[in-house]
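Residue numbers begin at 1 in each chain, while the letters A, B, ... track the order of the sequences.
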Amino acid sequence: MTHEMILAGFGGQGVMLMGQMLAYAGMIEGKHVSWLPSYGPEMRGGTANCAVVVSDQPVGSPLITRPSIVVAMNLPSLDKFEGSIKPGGLLIYNNSLIASKPERDDITILPVPANEIANELGSDRIANMVVLGALLGTTPMVETQSILAALRHALPPHRHNLLPLNEQAIKRGQELAKQ
Amino acid sequence: MGEKILMKGNEAIGEAAIKAGCRHFFGYPITPQNELPEYMARRLPEVGGAMVQAESEIAAINMVYGAAGAGVRVMTSSSSPGISLKQEGISYIAGAELPCVIVNMVRGGPGLGGIQPAQGDYWQATRGGGHGDYRVLVLAPAGIQEMVDVVQDAFDLADKYRNPVMILGDGMMGQMMEPVMFRDEAVTKLPEKDWATTGTRHHPGRRNVINSLYLQPDRLEEHNDHLQRKYAEIEANEVRYEEVDVEGAELVVAAYGTTARIVRSAMEAAKQAGLRVGLIRPITLWPFPVEPFERAAEHAKAFLSVEMSAGQMVEDVRLAVNGKKSVHFYGRTGGMVPTPEAVLAKFKEILGGEA
């Protein structure tokens with residue numbers, strides 16, 4: 001199974017980290033992974049994004065033009081990437097910030113009120129982890145434990161007190177996806 | 001081997017260089033390779049080395065010249081416009097026969113161009129790049145693990161032949177992350193360099209001179225003959241490439257670095273469509289792997305070079321195929337990256353019809 005994903009949003013919404021955590025978790029589980037960030041003017045206008053591949057096979061092109069999964073954290077990202085998703089693919093979008101509805105009828109669409117849930121949990125900054133949870137709830141490509149191990153690696157030790165909050169956010173996202 | 005870690009290409013090069021015994025790095029900032037000097041600035045002091053951010057690319061390459069002359073393992077990195085500025089120094093270093101490793105994370109050109117991935121520096125890299133009859137070895141990795149592996153190779157080749165070695169990546173190779181493993185044991189003993197200008201205290205009774213100036217034409221021709229013999233030896237011994245599904249292929253594709261990865265994705269789709277497509281992926285761009293193309297020309301119907309340029313490596317493919325079969329080209333420029341879909345469409349166009 002090969003998952004080809006584009007995760008996109010404003011700079012600061014944590015899409016790069018979300019992608020790295022997926023890649024790291026995949027690597028921990030012995031899968032083939034790649035993570036490719038957008039850089040430079042491509043990121044202007046609110047569509048900072050990364051392409052992530054998690055696969056049982058060696059990764060060919062790390063650049064994804066026809067993703068099987070898109071995560072859109074804001075409206076410019078939804079506008080930019082909705083059309084590129086493969087038929088039968090998955091679109092997760094942050095309906096805390098995106099008022100308009102996606103138009104595709106040949107893909108699975110999951111709205112996630114990421115900022116609302118994150119605020120309920122006490123920090124707007126974990127909206128990315130809520131979405132990551134929703135993604136894992138819909139498409140369990142890696143174990144939650146591997147994501148937590150990746151987070152433990154990515155966060156400096158003095159931030160490890162934030163791990164339980166991140167875990168909660170991921171769980172809330174997973175529960176939402178299963179409803 | 002150590003444990004697997006997820007690393008950006010630029011940072012992986014830095015760590016691999018340190019593992020290979022590099023303790024000196026001279027650079028000047030330019031996108032998309034900044035993570036490499038940044039990494040060296042942080043890591044080199046921890047291992048007793050030094051990173052200097054020079055006042056310009058020209059200064060940086062001349063610092064490399066000096067450090068290489070002193071016999072240490074030294075590296076610099078830049079991206080296309082910065083590499084153009086370094087060419088004078090590279091020519092001097094090649095002329096003076098000194099070992100060093102130069103990294104070019106290629107971006108779109110010409111001029112200041114852009115900052116997205118490109119392969120438009122192929123000619124510059126494989127034809128020397130500066131003035132005079134000289135060559136640099138050019139290694140083009142197609143993944144982050146291979147990038148780590150070629151860095152070690154690059155330092156060893158540079159020392160073995162007393163010649164600059166270039167690692168030719170692109171913005172994508174520099175920025176992307178993949179799992180890598182480093183060898184547990186770092187290089188501790190470097191090859192003997194009895195030519196290094198380390199002071200007569202270290203080589204009593206012998207003056208070591210580093211020089212690329214020969215005013216007498218006959219002496220300079222002798223020097224050039226010597227260099228050409230060395231380059232012939234490199235061409236005979238140091239060719240590296242990978243072949244994928246070449247045997248029985250009707251269409252043989254040539255691609256390196258990032259583009260080879262995209263071609264691999266297109267080949268997967270081609271296989272499902274019943275097309276027989278193979279890949280020859282040069283890892284050394286100079287010396288160019290001529291022999292696999294000669295072999296493939298016996299059975300393949302056609303060749304295709306896929307590049308992020310207007311068509312540069314395709315000339316080497318044509319020279320290698322030597323008119324035996326048709327050689328096609330597909331490329332994008334300016335920082336645009338070919339898509340697997342477009343490459344697959346080109347396969348179908350060449351092989352004819354819907355296949």
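With a 4.5 Å cut-off on non-hydrogen atoms, A/Q20 touches chain B through its backbone and its side chain both. Contact of B/I5 with chain A is made through backbone and side chain together, with heavy-atom distances under 4.5 Å. Using a 4.5 Å cut-off between heavy atoms, B/E268 makes no contact with chain A at all. A/V59 touches chain B through backbone and side chain together, each having a heavy atom under 4.5 Å away. Contacts between B/M267 and chain A at a heavy-atom distance below 4.5 Å are absent for every atom of the residue.
Minimum interatomic distance between B/R261 and A/G60 (heavy atoms only, all atoms of both residues): NE-O, 2.8 Å. A/M27 approaches B/P179 most closely through the heavy-atom pair SD-CB, 3.4 Å. The two atoms that bring B/G171 and A/Y39 nearest to each other are CA-OH, 3.3 Å, heavy atoms only. Nearest approach of B/E178 to A/V33, heavy atoms of both residues: CG-O, 3.8 Å. For the pair A/W35 and B/K8, the tightest heavy-atom approach, listed with the atom from each and the gap, is CZ3-CE, 3.9 Å.
By the neighbour-count criterion of 12 heavy atoms within 6.0 Å, atom CG of B/L112 is sparsely surrounded, having that number or fewer from other residues, nucleotides or ligands. Dense packing is recorded around NZ of A/K86, with more than 12 heavy atoms of other residues, nucleotides or ligands lying under 6.0 Å away. Within a 6.0 Å sphere centred on CD of B/E341, heavy atoms belonging to other residues, nucleotides or ligands number more than 12. Counting heavy atoms of neighbouring residues, nucleotides and ligands inside a 6.0 Å radius, atom CZ of A/R159 does not exceed 12 of them. Counting non-hydrogen atoms of other residues, nucleotides and ligands closer than 6.0 Å to CZ of B/R43 gives a total above 12. Around atom CD of A/Q57, no more than 12 heavy atoms belonging to other residues, nucleotides or ligands sit under 6.0 Å away. Summarising the local packing, CD of B/E247 is surrounded by 12 or fewer heavy atoms from other residues, nucleotides or ligands at distances under 6.0 Å. The number of heavy-atom neighbours closer than 6.0 Å to CZ of B/R264, taken from other residues, nucleotides and ligands shown, is 12 or below.
From A/C50, atom SG reaches atom CE of B/M176 across 12.5 Å, with rounding to the nearest 0.5 Å. For the atom pair A/E4 CD and B/S265 OG, the distance stands at 7.0 Å (nearest 0.5 Å).
Between the side chain of A/T65 and the backbone N or O of B/T339 there is no donor-acceptor pair closer than 3.5 Å.
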